[in-house]
*Asks:* 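Before I ask anything, here is the structure I am working with.
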Amino acid sequence: MSSALLLQSLILGILLGGLYALLAAGLTLYFGVMRVVMIAHSAFLILAGYLAWFFTVTTGWDPLISLVITVPVFFGLGVAVQRLLMTRLKPASLTMMSVLLTFAIALVIEGMLGFTFTGVQRRIKLDYGAASIELFGAQVAVVKLVAFGLAVLALGALWLVLKKTSFGQALRATIQHKEAAELVGVDTAKVASYGFGLGLATAAVGGTALALDATIYPSLHWHWIGPLFAIIVVGGLGSIPGAAIAAMLLGITQSLLQVPLGTTWAQTVFYLALFVTLIVRPQGFFGGRLAQRF
Amino acid sequence: MRNDSDLQATGRWAGLRRSPQRMTGLTLVVVVAVFALVFPMTTSTGYLLSTGVVILNYALLATGWNFMGGFTGYISLGHAAYFGLGCYTTAILIDRVELSWWLALALTPVIVGLIAVPIGIAALRVRGASFVIVTIAFVLILLLVSQSWVSLTGGSTGIMIPRPFDGLTRVEHHRVFYYIFVAALVLALFVWWRIDRSRFGMGLKAVREDEDKARALGVPTFWAKLIAFVWSAVFTSLAGGLYALWFGDLDPVFQFSILMGAYMVLMALLGGVRELYGPVVGAIVVGLSIEFFKAEFGDTQFHLVATGLLLAVVVLFMPEGVIPAVRGLFTRFGPQASSIREETAEQLAARQDAVGATTPGSES
């Protein structure tokens with residue numbers, strides 16, 4: 001592999017890793033606040049992508065503007081899903097049943113997308129869609145940079161919310177120890193539903209970023225859920241920094257392996273990492289047991 | 001020991017006499033079984049017969065799933081992996097190794113069962129959420145591999161399996177496979193029933209209720225789970241092998257589909273995972289619904305929405321399944337258990353004489 005190609009792959013890997021990091025952060029957030037495995041996360045991601053596409057097709061404006069609508073709407077949706085559906089499940093079997101319930105949500109979203117927009121592959125046409133700039137001697141598409149910037153901004157915002165606000169403190173406390181958080185006066189039910197909202201908001205941002213530079217179709221979410229799950233298990237369920245680090249590492253590895261192996265086999269790196277993690281360190285590499293620390 | 005089993009037996013039969021719903025249940029099973037056996041001879045419509053085969057296939061898959069999901073409570077969303085492995089093992093043994101179909105079919109559960117051992121060892125290291133994630137990941141891996149490894153699986157163009165019986169019409173082909181599937185289903189139900197009543201099954205159910213306590217009480221939880229996992233893979237792959245022989249054409253997208261895994265969970269859950277016939281009932285209900293949705297909504301993706309809604313309703317409102325829910329209705333509206341004896345003192349004395357000196361405590 002020539003050094004230019006290596007550099008190109010590395011940069012693309014970092015850009016991809018940023019998007020993975022944002023999405024995995026959302027996914028691990030649900031698990032942190034409620035021990036819920038949100039299979040529908042990537043379905044919401046694709047939904048946001050479709051909304052961005054639909055927004056651009058109907059208004060002709062830039063898809064990024066659709067975020068003004070989708071982010072609050074998805075936040076509200078997340079709160080609603082948590083309040084109306086997740087809290088109905090019995091606590092004893094919450095984790096298992098939440099898997100099935102969110103799977104059902106994913107099926108409904110996929111079916112509705114296919115029903116409304118048909119199974120035709122969609123792509124947003126942008127003026128700057130084909131443009132690329134030179135970065136350290138490698139050609140990088142502008143849309144990928146925009147998507148990465150969006151992901152970094154959203155992750156930064158998430159970090160600020162979690163670290164600097166009292167709500168964030170309450171949320172981290174809920175993740176660490178729910179009962180203890182309740183004892184010191186945190187309304188964990190409310191925090192959990194807002195945590196869900198935050199998670200879905202990351203899906204809204206991620207979906208828009210994805211739609212900038214990828215072709216989307218209703219069943220695309222199955223290709224995302226596997227890698228994302230692998231990332232949060234490798235990072236340690238419930239740990240947001242763990243998810244971000246694992247996302248970066250695996251994104252870069254995937255991108256580097258794409259050159260010698262091709263796209264399909266390169267994707268298996270996620271599953272390989274997942275199985276190695278389970279054998280060597282089932283609780284994940286970065287987070288410690290169930291997000292003992294943030 | 002002997003006294004214990006005597007006591008249990010007396011209690012069992014007494015229960016049968018006392019509870020009309022038990023008789024109703026037994027009658028229902030017999031009626032359904034007779035209908036299922038007679039049905040293929042009454043029709044020569046290919047569509048009806050093939051729908052019957054599809055539903056039996058679902059029933060076998062869901063029963064296979066229930067070896068893991070029902071006994072241990074470990075919900076696998078990725079059991080399509082073993083279905084697909086079963087399909088492809090049979091196909092590859094016939095097409096590439098050139099074995100006869102029955103040998104290929106007989107070897108399939110053995111091979112897939114062996115493959116399931118290392119997978120089980122890895123997957124069973126974790127519980128709950130991580131376990132589900134691993135099972136999903138396994139299907140996605142196999143989908144990738146079967147699409148990419150063209151020389152072995154034929155990739156997206158698929159693989160064709162010649163029909164095992166020569167000289168049969170399409171309808172006869174369906175009819176023969178209908179009965180083969182019935183036989184396989186009966187075998188699976190029999191094994192499940194035996195495990196259900198065994199000490200081993202008790203250990204598995206203890207894992208379902210509280211794994212840590214079960215372990216503390218001396219249940220070898222890991223091995224118990226692994227054995228259940230392998231049994232589950234064996235019967236699921238048997239369904240796959242039969243499907244491959246029946247359908248004759250495989251495609252990775254349909255064989256390793258998460259949707260198929262979701263169907264298995266939905267069926268078992270809808271029927272009731274703690275019941276012997278739960279997955280079969282679920283397969284009939286869900287299988288007919290799926291066929292109906294597909295016929296009704298055709299090529300649109302609306303059948304996904306319908307399946308999703310059905311799954312959500314089951315999870316939210318009857319996570320124990322239909323059979324326990326219906327039985328609950330029976331108990332509520334049926335004859336109430338009361339403390340008043342419904343037999344005279346003479347009858348009671350006569351029965352106690354018959355049983356012998358060891359009067360069952362449960363009768364007083």
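Throughout, a chain's letter reflects where its sequence line sits, starting with A, and its residues are numbered from 1.
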*Asks:* Could you check whether any side-chain heavy atom of Leu316(B) comes within less than 4.5 Å of a side-chain heavy atom of Leu89(A), counting everything from C-beta outward?
*Replies:*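 Yes, at least one pair of side-chain atoms sits under 4.5 Å.
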*Asks:* Measuring from His223(A):NE2 to Leu144(B):CG, what's the distance to the nearest 0.5 Å?
*Replies:*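 It comes to 8.5 Å.
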*Asks:* Within a reach of under 6.0 Å around CH2 of Trp224(A), are more than 12 heavy atoms found that belong to other residues, nucleotides or ligands?
*Replies:*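 Counting other residues, nucleotides and ligands, CH2 of Trp224(A) exceeds 12 neighbours.
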*Asks:* Go through Ile258(B) and Phe103(A) one step at a time and tell me if the side chain to side chain contact (heavy atoms under 4.5 Å, CB included) criterion holds.
*Replies:* CA-CA 10 Å; Ile258(B) 295 189; Phe103(A) 189 91; 3.4 Å; yes
*Asks:* Does any part of the side chain of Val132(B), heavy atoms only, come nearer than 4.5 Å to the side chain of Phe229(A), both counted from C-beta?
*Replies:*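 They are not in side-chain contact.
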*Asks:* Can you list every pair that meets side-chain hydrogen bond (donor to acceptor under 3.5 Å, both in side chains) and has a residue in residues 104-115 of chain A, with sequence neighbours left out?
*Replies:*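 Listed once each, the pairs are Glu110(A)-His221(A), Glu110(A)-Trp222(A).
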*Asks:* Which distance, rounded to the nearest 0.5 Å, do you find between the CD1 of Ile75(B) and the CG of Leu100(A)?
*Replies:*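 Interatomic distance, Ile75(B) CD1 to Leu100(A) CG, rounded to 0.5 Å: 5.0 Å.
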*Asks:* Sort out for me which of Gly73(B), Ala137(B), Ala123(B) touches chain A most, counting heavy-atom pairs under 4.5 Å.
*Replies:*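 Top count of heavy-atom pairs under 4.5 Å with chain A: Ala137(B).
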*Asks:* Just wondering, do Leu101(A) and Leu311(B) contact through their side chains at under 4.5 Å, heavy atoms?
*Replies:*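 Result no, sub-4.5 Å side-chain heavy-atom pair not found.
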*Asks:* Checking Val139(B) against chain A: side chain, backbone, both or neither under 4.5 Å from a heavy atom?
*Replies:*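 Nothing of Val139(B), per the 4.5 Å heavy-atom cut-off to chain A.
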*Asks:* Taking all atoms of both residues into account, what is the closest heavy-atom pair of Ala104(A) and Gly308(B), and its distance?
*Replies:*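 Taking Ala104(A) first and Gly308(B) second, the nearest heavy atoms are CB-O, 3.2 Å.
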*Asks:* Report which part of Leu77(B) has an atom under 4.5 Å of a heavy atom belonging to chain A: side chain, backbone, both, or neither.
*Replies:*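 Contact with chain A is through the side chain of Leu77(B) alone.
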*Asks:* Is chain B contacted by the side chain of Phe275(A), its backbone, both, or neither, given a heavy-atom distance below 4.5 Å?
*Replies:*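 Contact with chain B: side chain only.
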*Asks:* Would one find more than 12 heavy atoms of other residues, nucleotides or ligands at under 6.0 Å from atom CZ of Phe117(A)?
*Replies:*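 Atom CZ in Phe117(A) is crowded, with more than 12 foreign heavy atoms closer than 6.0 Å.
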*Asks:* For Ile136(B), which atoms come within 4.5 Å of any heavy atom of chain A: side chain, backbone, both, or neither?
*Replies:*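 Only the side chain of Ile136(B) comes within 4.5 Å of chain A.
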*Asks:* Report the C-alpha distance between Leu107(A) and Leu259(B) in whole Å, list the side-chain angles of each, state the deciding distance to 0.1 Å, and finish with yes or no for side chain to side chain contact (heavy atoms under 4.5 Å, CB included).
*Replies:* CA-CA 9 Å; Leu107(A) 281 184; Leu259(B) 197 59; 3.4 Å; yes
*Asks:* Could you pull out the closest heavy-atom pair between Gly111(A) and Leu304(B), with the gap in Å?
*Replies:*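 Gly111(A) and Leu304(B) have their closest heavy atoms at CA-CB, 3.8 Å.
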*Asks:* Near Arg215(B) CZ, under 6.0 Å, is it more than 12 heavy atoms from other residues, nucleotides or ligands?
*Replies:*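 Not buried by this count: 12 neighbours or fewer within 6.0 Å.
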*Asks:* Would you indicate whether Met318(B), at its atom CE, is surrounded by more than 12 heavy atoms from other residues, nucleotides or ligands within a distance under 6.0 Å?
*Replies:*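 Above 12, so yes.
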*Asks:* Counting only non-hydrogen atoms closer than 4.5 Å, does Leu269(B) touch chain A with its backbone (N, CA, C, O), its side chain (CB onward), both, or neither?
*Replies:*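 Answer is side chain: those atoms of Leu269(B) sit under 4.5 Å from chain A.
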*Asks:* Is it the backbone or the side chain of Leu274(A) that comes under 4.5 Å from a heavy atom of chain B, or both, or neither?
*Replies:*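 Contact with chain B involves the side chain of Leu274(A) alone.
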*Asks:* Heavy-atom pairs under 4.5 Å with chain A - which of Thr307(B), Val134(B), Leu310(B), Leu266(B) has more of them than the others?
*Replies:*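 Ranked by contacts with chain A, first place is Val134(B).
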*Asks:* Before giving the answer on side chain to side chain contact (heavy atoms under 4.5 Å, CB included), spell out for Val145(B) and Trp265(A) the whole-Å C-alpha distance, their side-chain angles and the decisive distance to 0.1 Å.
*Replies:* CA-CA 8 Å; Val145(B) 170; Trp265(A) 288 108; 3.9 Å; yes
*Asks:* Of Leu113(A), Ile109(A), Val108(A), which meets side-chain contact (heavy atoms from CB on, under 4.5 Å) against Val305(B)?
*Replies:*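 Per the side-chain contact (heavy atoms from CB on, under 4.5 Å) rule, the option paired with Val305(B) is Val108(A), out of Leu113(A), Ile109(A), Val108(A).
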